[in-house]
Amino acid sequence: MHLPVSLLSLCFLTLASLSAASQAAQDRATTFFTSNAQHSPSGSGHTNNWAVLVCTSRYWFNYRHMANALGMYRTVKRLGIPDSNIILMLSDDAACNTRNKFPGCVFASAGGKAGKDSSSLDLYGDNIEVDYRGYEVTVENFLRVLTGRVPPSLPRSKRLLTNDRSNIFIYMTGHGGNEFLKFQDDEEISAFDIADAFEQMWQKKRYNEILFMIDTCQANTMYSKFYSPNILATGSSELDEKSYSFENDNDLGIAVIDSFTHYVLQFMENINKTSQ
């Protein structure tokens with residue numbers, strides 16, 4: 001069966017174009033994604049792609065974080081990953097919020113329906129599948145999804161059914177700090193928690209390669225403790241740096257997307273399933 005170009009490869013090429021040290025990043029990407037070429041004609045030793053997309057915020061003033069996650073959701077679907085291979089964790093309290101001037105819609109650019117470019121697309125629409133909604137978005141559920149430590153009664157749609165031939169794109173957005181990310185202002189996940197979960201995944205043969213991307217303040221500290229193989233990680237900010245929003249919408253009265261995610265999505269609009 002012919003498989004579309006690896007989404008992970010495309011994502012990292014995006015990041016390489018945005019990085020100040022773009023050539024070094026591109027060299028790392030080339031080495032990483034060709035390391036298994038001798039074992040598989042696909043070039044990366046994998047047979048299936050998955051995505052885990054997590055917005056760890058809730059409440060109206062965090063609209064931009066939901067737009068971040070929904071923008072990534074739309075993009076990975078457009079690039080060939082079906083809903084059956086996507087785990088979307090979202091508080092889902094923006095589209096139908098009473099303060100939303102465009103009920104049932106979430107936009108990632110100022111102007112909403114009045115916008116003219118592709119970023120003005122309704123990211124919510126009628127074709128979205130939220131797997132973990134509202135108070136289901138917890139640290140425990142996220143770690144259980146990654147490690148596969150779930151009860152037998154859990155529906156298939158809430159499971160990450162990967163194997164050692166799976167490439168996984170893991171995207172997280174929310175409020176964070178030095179080696180922690182807040183979940184809905186109620187709890188936190190640490191860099192150690194994610195690092196240990198990835199090691200469990202590797203030991204249990206739950207992935208071939210992982211691309212970890214995070215958009216939050218001091219984002220890069222969240223992958224400072226990784227020690228498992230075949231993981232590429234990138235984030236929106238270094239230690240003691242902020243992650244800033246891109247633009248505000250005057251009608252909504254809030255920021256609609258973060259800068260890092262905006263530019264990643266903007267670049268990826270020029271990529272399709274047949275891109276090389």
### Task
Indicate whether any N or O donor in one side chain lies under 3.5 Å from an N or O acceptor in the other, for Asp215 and Ser243.
yes
### Message
Check Lys225 with Glu179, please: is the shortest side-chain N to carboxylate O separation under 4.0 Å?
### Response
yes
#### Entry: Residue pair Ile170, Leu211: steps toward the side chain to side chain contact (heavy atoms under 4.5 Å, CB included) verdict
CA-CA 6 Å; Ile170 299 176; Leu211 173 62; over 6 Å; no
### Message
Treating Glu136 as the side-chain partner and Arg133 as the backbone partner, does any N or O pair qualify as donor plus acceptor under 3.5 Å?
### Response
yes
### Message
Less than 3.5 Å apart, any donor N or O on the side chain of His46 or Asp164 sitting next to an acceptor on the other?
### Response
no
### Query
For Lys101 and Pro103, which heavy atoms make the closest approach, and how far apart are they?
O-CD, 3.2 Å
### Task
Decide yes or no for Ile87 and Tyr132: does some side-chain heavy atom of the first lie under 4.5 Å from some side-chain heavy atom of the second?
yes
### Summary
When every non-hydrogen atom of Ala94 is compared with those of Tyr63, the smallest separation belongs to CB-CD1, 4.1 Å
### Query
Is the number of heavy atoms from other residues, nucleotides or ligands under 6.0 Å of Lys205 NZ greater than 12?
no
#### Entry: Polar contact flag, side-chain donor to acceptor under 3.5 angstrom, Asn167-Glu209
yes
### Query
Given Thr56 and Lys182, is the side chain to side chain contact (heavy atoms under 4.5 Å, CB included) satisfied, shown in steps?
CA-CA 7 Å; Thr56 65; Lys182 293 197 294 185; 5.7 Å; no
### Query
Under 3.5 Å, is there a donor-acceptor pair between the Asp258 and Thr261 side chains?
no
### Query
Short question: side chain of Arg78, backbone of Asn272 - any donor-acceptor pair under 3.5 Å?
no
### Query
Same cluster or not: are Val145 and Leu161 linked, directly or through other Ile, Leu, Val, Met, Phe, Trp or Tyr residues, by side-chain heavy atoms under 4.5 angstrom apart?
yes
### Task
For the residue pair Met89 and Leu53, establish whether any side-chain heavy-atom pair is separated by less than 4.5 Å.
no
### Message
Evaluate Tyr223 against Ile194 for side chain to side chain contact (heavy atoms under 4.5 Å, CB included), listing each step before the verdict.
### Response
CA-CA 8 Å; Tyr223 56 80; Ile194 298 178; over 6 Å; no
## Note on the structure
With sequence neighbours left out, the residues meeting ring pair (Phe, Tyr, Trp, His ring centres under 6.0 Å) with Tyr207 are Trp202
### Query
What is the distance from atom CZ of Arg64 to atom OG1 of Thr173, rounded to the nearest 0.5 Å?
8.0 Å
### Message
I need the minimum non-hydrogen distance between Gly235 and Asn220, along with the two atoms involved.
### Response
CA-OD1, 3.0 Å
#### Entry: Asn62 (side chain) donor-acceptor with Arg58 (main chain) under 3.5 angstrom
yes
### Query
Just by distance, with hydrogens left out, do Ser166 and Asn48 show a side-chain donor and acceptor under 3.5 Å apart?
yes
### Residues Tyr73, Asn68; criterion side-chain hydrogen bond (donor to acceptor under 3.5 Å, both in side chains); working and verdict
CA-CA 9 Å; Tyr73 174 77; Asn68 290 347; over 6 Å; no
### Atom pair CZ/NE2 of Phe180 and His175 - distance to nearest 0.5 Å
11.0 Å
### Message
Strictly distance-based, threshold 3.5 Å: is any side-chain N or O of Thr216 a donor or acceptor partner for the main-chain N or O of Ala219?
### Response
no
### Message
Determine whether a donor-acceptor pair (N or O, by modelled atom type, separation under 3.5 Å) exists between the side chain of Glu187 and the backbone of Val139.
### Response
yes
### Task
Evaluate the criterion salt bridge (Lys or Arg N to Asp or Glu O under 4.0 Å) for residue pair Lys77 and Asp83; output intermediate values, then yes/no.
CA-CA 7 Å; Lys77 285 183 66 175; Asp83 266 316; 3.0 Å; yes
### Message
Tell me if a side-chain donor or acceptor on Asn97 pairs with a main-chain N or O of Trp60 at a distance below 3.5 Å.
### Response
no
### pair Val76-Ile86: side-chain heavy atoms closer than 4.5 Å
yes
### Task
Look up atom OG1 in Thr162 and atom NZ in Lys204, then write down how far apart they are to the nearest 0.5 Å.
9.5 Å
### Task
Show your reasoning for whether ring-ring contact (aromatic ring centres under 6.0 Å, His included) applies to Phe260 and Phe246.
CA-CA 8 Å; Phe260 178 78; Phe246 178 70; over 10 Å; no
### Task
Go through the structure and list residues passing side-chain contact (heavy atoms from CB on, under 4.5 Å) with Arg144, not counting sequence neighbours.
Glu140, Arg149, Val150
### Query
Which atom pair, heavy atoms only, marks the closest approach of Ala51 to Ile81?
CB-CD1, 4.4 Å
### Message
Starting from Leu232, can I reach Leu79 by hopping between I/L/V/M/F/W/Y residues whose side chains sit under 4.5 Å apart?
### Response
yes
### Message
Quick check on the 6.0 Å ring-centre criterion: do Phe226 and Phe212 meet it?
### Response
yes
### Message
How close do Asp249 and Leu252 get, counting heavy atoms only, and between which atoms?
### Response
OD1-N, 2.8 Å
### Task
Before giving the answer on side-chain hydrogen bond (donor to acceptor under 3.5 Å, both in side chains), spell out for Glu199 and Ser228 the whole-Å C-alpha distance, their side-chain angles and the decisive distance to 0.1 Å.
CA-CA 5 Å; Glu199 178 60 18; Ser228 304; 2.6 Å; yes
### Query
Considering only heavy atoms from C-beta outward, does the side chain of Leu239 approach that of Asn178 to under 4.5 Å?
yes
## Note on the structure
All heavy atoms of Gln184 vs all of Gly134, minimum pair found to be NE2-O, 2.8 Å
### Task
Kindly compute the distance separating CG (Leu70) from CG (Leu121), expressed to the nearest 0.5 Å.
12.5 Å
### Leu160 side, atom CG; Arg206 side, atom CZ - distance, nearest 0.5 Å
5.0 Å
### Task
Test side chain to side chain contact (heavy atoms under 4.5 Å, CB included) on Met72 and Leu265 and set out the steps.
CA-CA 7 Å; Met72 286 295 177; Leu265 294 176; 3.8 Å; yes
### Query
Backbone N or O of Asp193 within a donor-acceptor pair of the Asp196 side chain at under 3.5 Å?
no
#### Entry: Heavy-atom side-chain proximity of Arg156 to Ser84 below 4.5 angstrom
yes
### Message
Using a 3.5 Å distance criterion without hydrogens, assess whether the side chain of Asp122 forms a donor-acceptor pair with backbone atoms of Tyr124.
### Response
yes
### Query
Is it true that Glu269 and Arg74 have a side-chain N and a carboxylate O under 4.0 angstrom from each other?
yes
### Verify same cluster id: Tyr135, Val54 (apolar side-chain graph, 4.5 Å)
no
### Rounded distance [0.5 Å steps], CG in Leu143 versus CD in Gln200
8.5 Å
### Task
Over 60° means perpendicular and under 30° means parallel, so classify the ring planes of Phe183 and Phe142, tilted if in between.
tilted
#### Entry: Side-chain hydrophobic cluster, 4.5 Å single linkage: members besides Phe61
Tyr59
### Query
In the single-linkage hydrophobic clustering (I, L, V, M, F, W, Y; side-chain heavy atoms under 4.5 Å), do Leu146 and Leu154 co-cluster?
yes
